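What follows is a short report on a single structure.
None of the values given here were measured: they were computed from a predicted structure.
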Amino acid sequence: MTRLFSLNHIFLNQNLVTKDQVFRYLAQKAVELSLGEDDKLIFDAFQQRELQSSTGMQNGIAMPHAISADILQPGVIYISLSKSINDWVTFDDTKVNKVVALLAPKDEVKQHLETLSEFASSLIDDEKRQSLDKCKTASEVFNLLKLGGD
């Protein structure tokens, strides 16, 4: 899991107020982190996936994901937001304030789905989710979200 997710993949208290701003930010960070080459194409991949169905989950968490040939290596990016987003549909109608984004190359879809499932399962745990709300540093978030004891 640490290959996919590290401390420099965590961005706290970001001032993003729409879903599209989050997608644009994620795409830019993906390029900065060398996960992909073209932020516009990665942004489009997030948008295309969102058109299929909302990636807003529940309890303020969204799990957008992008699969694209423009993504060079798989990765997970975590963002906490300084204010909740109003335009992201969730299962429980809560406003999104935490984003766990997954990016995968087109040829690694199986790995992508396994990672998505692992993260979603871990965030179902009420205690873990409440602990995430209390995290103040990237290290705290990383230690809470890293999977498999890595």
Side-chain angles (χ1 to χ4, degrees), residues 1-39 41-43 45-47 49-50 54-68 70-92 94-105 108-150:
M1 189 63 212
T2 51
R3 178 177 82 84
L4 300 173
F5 184 60
S6 63
L7 275 172
N8 64 341
H9 291 200
I10 298 170
F11 305 93
L12 303 179
N13 299 311
Q14 297 302 306
N15 186 25
L16 306 167
V17 296
T18 68
K19 184 172 38 174
D20 276 353
Q21 283 183 348
V22 170
F23 291 162
R24 202 167 307 285
Y25 184 84
L26 287 167
Q28 290 167 350
K29 290 301 176 188
V31 171
E32 288 174 22
L33 294 166
S34 300
L35 300 175
E37 290 182 316
D38 188 326
D39 62 327
L41 294 174
I42 296 169
F43 171 78
F46 277 116
Q47 283 192 313
R49 169 54 190 88
E50 196 69 18
S54 179
T55 55
M57 306 309 276
Q58 59 190 33
N59 299 301
I61 298 172
M63 296 186 73
H65 38 290
I67 299 171
S68 172
D70 299 293
I71 296 170
L72 303 174
Q73 61 182 5
V76 175
I77 298 174
Y78 174 85
I79 304 171
S80 70
L81 302 168
S82 57
K83 294 181 182 173
S84 297
I85 293 179
N86 295 321
D87 72 341
W88 212 318
V89 176
T90 61
F91 296 139
D92 61 357
T94 57
K95 295 177 182 176
V96 170
N97 61 8
K98 292 176 285 305
V99 178
V100 180
L102 295 106
L103 299 100
E108 293 190 32
V109 174
K110 184 176 186 241
Q111 169 71 31
H112 170 77
L113 294 175
E114 290 170 3
T115 302
L116 180 63
S117 175
E118 256 184 285
F119 264 104
S121 295
S122 77
L123 292 172
I124 288 172
D125 181 297
D126 285 336
E127 188 175 315
K128 190 169 198 172
R129 207 176 45 253
Q130 289 168 0
S131 294
L132 187 58
D133 286 335
K134 295 175 186 170
C135 289
K136 302 279 188 240
T137 67
S139 292
E140 289 173 342
V141 171
F142 179 74
N143 288 327
L144 186 67
L145 290 183
K146 68 181 180 176
L147 300 174
D150 294 5

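In this structure Q58 satisfies the side-chain hydrogen bond (donor to acceptor under 3.5 Å, both in side chains) test with no other residue, sequence neighbours excluded. With sequence neighbours left out, N97 forms a side-chain contact (heavy atoms from CB on, under 4.5 Å) with S84.
The shortest non-hydrogen separation linking L12 to T137 is CD1-C, 3.4 Å. Here the closest non-hydrogen pair linking V100 and P64 is O-CD, 3.6 Å. Minimum interatomic distance between S6 and F142 (heavy atoms only, all atoms of both residues): CA-CE1, 3.6 Å. Nearest approach of A138 to I10, heavy atoms of both residues: O-CD1, 3.3 Å. In this structure, L103 and A30 approach most closely via the heavy-atom pair CD2-CB, 3.6 Å. Shortest non-hydrogen contact noted between N59 and T94 is N-OG1, 3.4 Å.
In this structure, E50 contributes its side chain and F46 its backbone to no donor-acceptor pair below 3.5 Å. Of the possible polar contacts, none joining the D39 side chain to the V31 backbone as a donor-acceptor pair under 3.5 Å is found. Counting only distance, with no hydrogens or angles, the side chain of S68 and the backbone of A45 share no donor-acceptor pair below 3.5 Å. Under the 3.5 Å distance criterion, the side-chain polar atoms of S54 are left unmatched by any main-chain donor or acceptor of T90. Of the possible polar contacts, one joining the H9 side chain to the V76 backbone as a donor-acceptor pair under 3.5 Å is found.
Aromatic ring pairs are classed by plane angle as parallel below 30°, tilted from 30° to 60° and perpendicular above 60°; the pair F23 and F43 is perpendicular.
A side chain to side chain donor-acceptor pair (under 3.5 Å) check over residues 24-34, counting only residues at least two apart or in different chains, returns the pairs Q14-Y25, K29-E32.
Distance check: S82 OG to N13 CG gives 6.5 Å after rounding to the nearest 0.5 Å. For the atom pair CD1 of I79 and NZ of K98, the computed distance is 13.0 Å after rounding to the nearest 0.5 Å. Between D126 atom CG and S131 atom OG the span is 10.5 Å, to the nearest 0.5 Å. Considering CG of L132 and CD of E140, their distance stands at 10.5 Å, rounded to 0.5 Å.
Within the 4.5 Å cutoff, the side chain of E37 has heavy atoms near those of the L72 side chain. I71 has its side chain within reach of I42: a pair of non-hydrogen atoms, C-beta onward, lies under 4.5 Å apart.
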side-chain contact (heavy atoms from CB on, under 4.5 Å) evaluation trace for V22 with V96: CA-CA 11 Å; V22 170; V96 170; over 6 Å; no
Test log, rule side-chain contact (heavy atoms from CB on, under 4.5 Å), inputs H65 and T55: CA-CA 8 Å; H65 38 290; T55 55; 3.7 Å; yes
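Q47 and D20 share a donor-acceptor pair across their side chains, judged by distance under 3.5 Å alone.
Across L144, L145, V99, a single residue satisfies side-chain contact (heavy atoms from CB on, under 4.5 Å) together with Y78, and that is L145.
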